[in-house]
Amino acid sequence: MEGRDVSNGCGTLLEILRHQPEASRTELAERTGLARSTVGQRLELLVAMGYVEEAGPRPSTGGRPAATVRFAAGGGVVLACDLGATHCRLAVTDLNRRVLAAVSHELPIAAGPEQVLGRVRKLLLALLERAGRRPGEVRAIGVGLPGPVEFASGRPVNPPIMPGWDGVDVPALLSAFGAPVLVDNDVNIMALGEHREHWADCADFLFVKVATGIGCGIITGGRMHRGAQGAAGDIGHIRVPDADELCRCGNRGCLEAVASGGALAKRLGEQGLAVENARAVVDVAQAGEPLAVEAIRASGHSIGEAMAGMVNFFNPAVMVIGGDLAHAGDELLAGIRGAVYQRSLILATRDLQIVTSKLDEEAGVIGAATMATDGLFAPERVDAQAARALAR
């Protein structure tokens with residue numbers, strides 16, 4: 001009983017310290033309503049766990065300077081994996097999501113889970129060595145996948161561009177690091193990273209990824225909204241009026257089949273332009289190719305019409321556009337903004353900001369690290385860890 005009493009509340013203290021530079025024991029007692037001696041007991045346990053460290057005294061204002069503590073961001077590392085259709089970006093971060101080492105690598109997701117995750121494991125070990133850290137210091141792993149994911153289990157569910165991945169136990173395939181593994185779809189982790197780094201004060205937020213496919217990450221009330229089964233935000237399969245293109249989901253006229261970077265590359269290729277993917281489409285558009293410019297503008301308009309429904313329904317304060325096709329900048333944004341403002345209610349768009357991603361290609365790994373640390377440091381989980389530490 002005594003051990004449980006001491007461990008209970010450790011998570012609450014750590015949550016406070018994670019979101020401010022430092023605090024004194026007296027301040028923590030005032031914030032939590034706990035006695036200062038009780039705060040001291042819990043802090044000793046968190047220090048022993050490697051999650052809190054002494055920050056030294058504050059400058060004196062006439063009396064005895066207050067000793068402070070802070071979150072120990074260097075008390076371990078997180079592995080962040082953003083896996084796309086054809087390439088991946090991997091990073092080692094500290095416990096505050098600061099990137100210590102990162103790498104981008106061509107890695108087709110269609111190669112299958114064993115080959116892809118086997119390669120990911122080797123790349124992560126090399127990154128740890130480059131960062132000067134050991135595998136035993138890994139505290140959590142965050143993974144983003146380019147397809148639907150059942151968040152509770154970390155298993156992809158019938159992902160259209162991931163043959164052989166359906167139902168695969170991704171956390172088990174990364175269990176060699178001995179750390180908890182959280183898995184979500186790539187758009188959700190990008191939304192989480194962009195929101196936490198640049199829009200943390202925005203409670204209602206949308207992140208739209210336009211690349212090989214199209215998807216949307218939803219933040220509501222400051223928290224990720226995944227839906228009942230983790231499928232929320234799959235806007236790529238909204239029907240585009242009068243469109244008949246065959247989508248990889250088996251239906252016709254889906255937004256992804258009409259307006260994604262993959263769809264534009266295919267259409268422009270049929271018109272004689274040598275473009276293989278969304279990045280190539282942007283490159284030729286920026287070089288002044290009129291067919292590519294027009295295709296991107298039309299894509300923006302189609303995406304904007306679909307997002308107008310989201311704006312009317314959800315009323316976000318900010319909509320961020322990311323992914324490879326977002327590098328087209330105003331050519332894409334103009335179409336999205338025009339359609340959204342034309343098709344949405346005036347009240348819903350009165351203060352709406354529609355902007356491109358600030359994190360760009362870093363959004364995925366920052367989001368994966370954020371997801372991993374949020375899971376690792378959930379107050380109830382920290383309390384359970386503290387109880388086990390006491391028992392040992």
Side-chain angles (χ1 to χ4, degrees), residues 81-89 104 106-109 144-148 159-162 184-195 197-199 205-219 233-238 247-248 254-268 275-286 292 295-304 306-307 310 316 318-337 339-340 354-368:
C81 312
D82 178 19
L83 307 184
T86 59
H87 62 282
C88 68
R89 185 158 181 83
S104 292
E106 295 298 321
L107 189 61
I109 201 75
L145 296 176
I161 65 169
M162 300 170 63
D184 204 347
N185 74 66
D186 57 349
V187 186
N188 279 355
I189 65 167
M190 293 175 78
L192 194 57
E194 191 79 27
H195 180 261
E197 289 294 313
H198 293 292
W199 304 95
F205 169 95
L206 297 177
F207 185 98
V208 181
K209 179 184 178 182
V210 190
T212 303
I214 298 176
C216 179
I218 304 168
I219 303 287
D234 203 351
I235 63 168
H237 303 288
I238 292 176
C247 182
R248 57 193 172 191
C254 292
L255 180 65
E256 187 171 296
V258 173
S260 69
L264 298 193
K266 179 182 177 182
R267 194 174 308 133
L268 290 172
V275 287
E276 297 180 355
N277 51 39
R279 296 181 186 183
V281 172
V282 172
D283 288 343
V284 296
Q286 291 177 336
I296 289 172
R297 288 174 178 170
S299 170
H301 182 79
S302 295
I303 294 168
M307 293 311 298
M310 293 285 287
V318 175
M319 183 192 303
V320 173
I321 313 299
D324 290 337
L325 210 60
H327 292 162
D330 287 341
E331 299 293 356
L332 183 71
L333 282 184
I336 294 175
R337 287 171 174 155
V340 167
I354 303 176
V355 298
T356 53
S357 169
K358 296 180 181 180
L359 286 180
D360 196 15
E361 65 177 12
E362 294 291 324
V365 290
I366 297 299

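Heavy-atom basis, side chains included; hydrogens, waters and symmetry copies ignored.
Checked against side chain to side chain donor-acceptor pair (under 3.5 Å), Arg279 has the following partners two or more places apart in sequence or in another chain: His87, Asp324. Contacts of Glu331 classified as side chain to side chain donor-acceptor pair (under 3.5 Å), with partners at least two apart in sequence or in another chain: Arg297. Here Asp82 pairs with nothing under the side chain to side chain donor-acceptor pair (under 3.5 Å) rule; sequence neighbours left out. With sequence neighbours left out, Glu197 forms a salt bridge (charged side-chain N to carboxylate O under 4.0 Å, His left out) with Arg97. Listed by chain and residue number, Glu194, His198, Trp199 satisfy the side chain to side chain contact (heavy atoms under 4.5 Å, CB included) test with Lys358 (two or more places apart in sequence, or in another chain). Here Asp330 pairs with Leu333, Arg337 under the side chain to side chain contact (heavy atoms under 4.5 Å, CB included) rule; sequence neighbours left out. With sequence neighbours excluded, the residues satisfying side chain to side chain contact (heavy atoms under 4.5 Å, CB included) with Ala295 are Leu264, Leu268. In terms of the side chain to side chain donor-acceptor pair (under 3.5 Å) criterion, Asn185 has no residue partners (sequence neighbours excluded). Looking at residues two or more places apart in sequence or on another chain, you find a side chain to side chain contact (heavy atoms under 4.5 Å, CB included) between Glu256 and His237, Arg248, Ser260.
The shortest non-hydrogen separation linking Asn188 to Gly217 is OD1-CA, 3.7 Å. Listed here is the closest heavy atom pair of Phe205 and Ala191: CE2-O, 3.7 Å.
Note on residues 208-219: pairs passing side-chain hydrogen bond (donor to acceptor under 3.5 Å, both in side chains), not counting sequence neighbours, are Asp186-Lys209.
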| Where do Met307 and Leu206 land on the side-chain contact (heavy atoms from CB on, under 4.5 Å) test, with the steps shown first? | CA-CA 10 Å; Met307 293 311 298; Leu206 297 177; 3.8 Å; yes

| task | Go through the steps to decide whether Met310 and Ile218 satisfy the test side-chain contact (heavy atoms from CB on, under 4.5 Å), and finish with yes or no. | result | CA-CA 10 Å; Met310 293 285 287; Ile218 304 168; 4.1 Å; yes

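A donor-acceptor pair is defined here as one N or O able to donate and one able to accept, closer than 3.5 Å; no such pair exists between the side chain of Arg89 and the backbone of Gly84.
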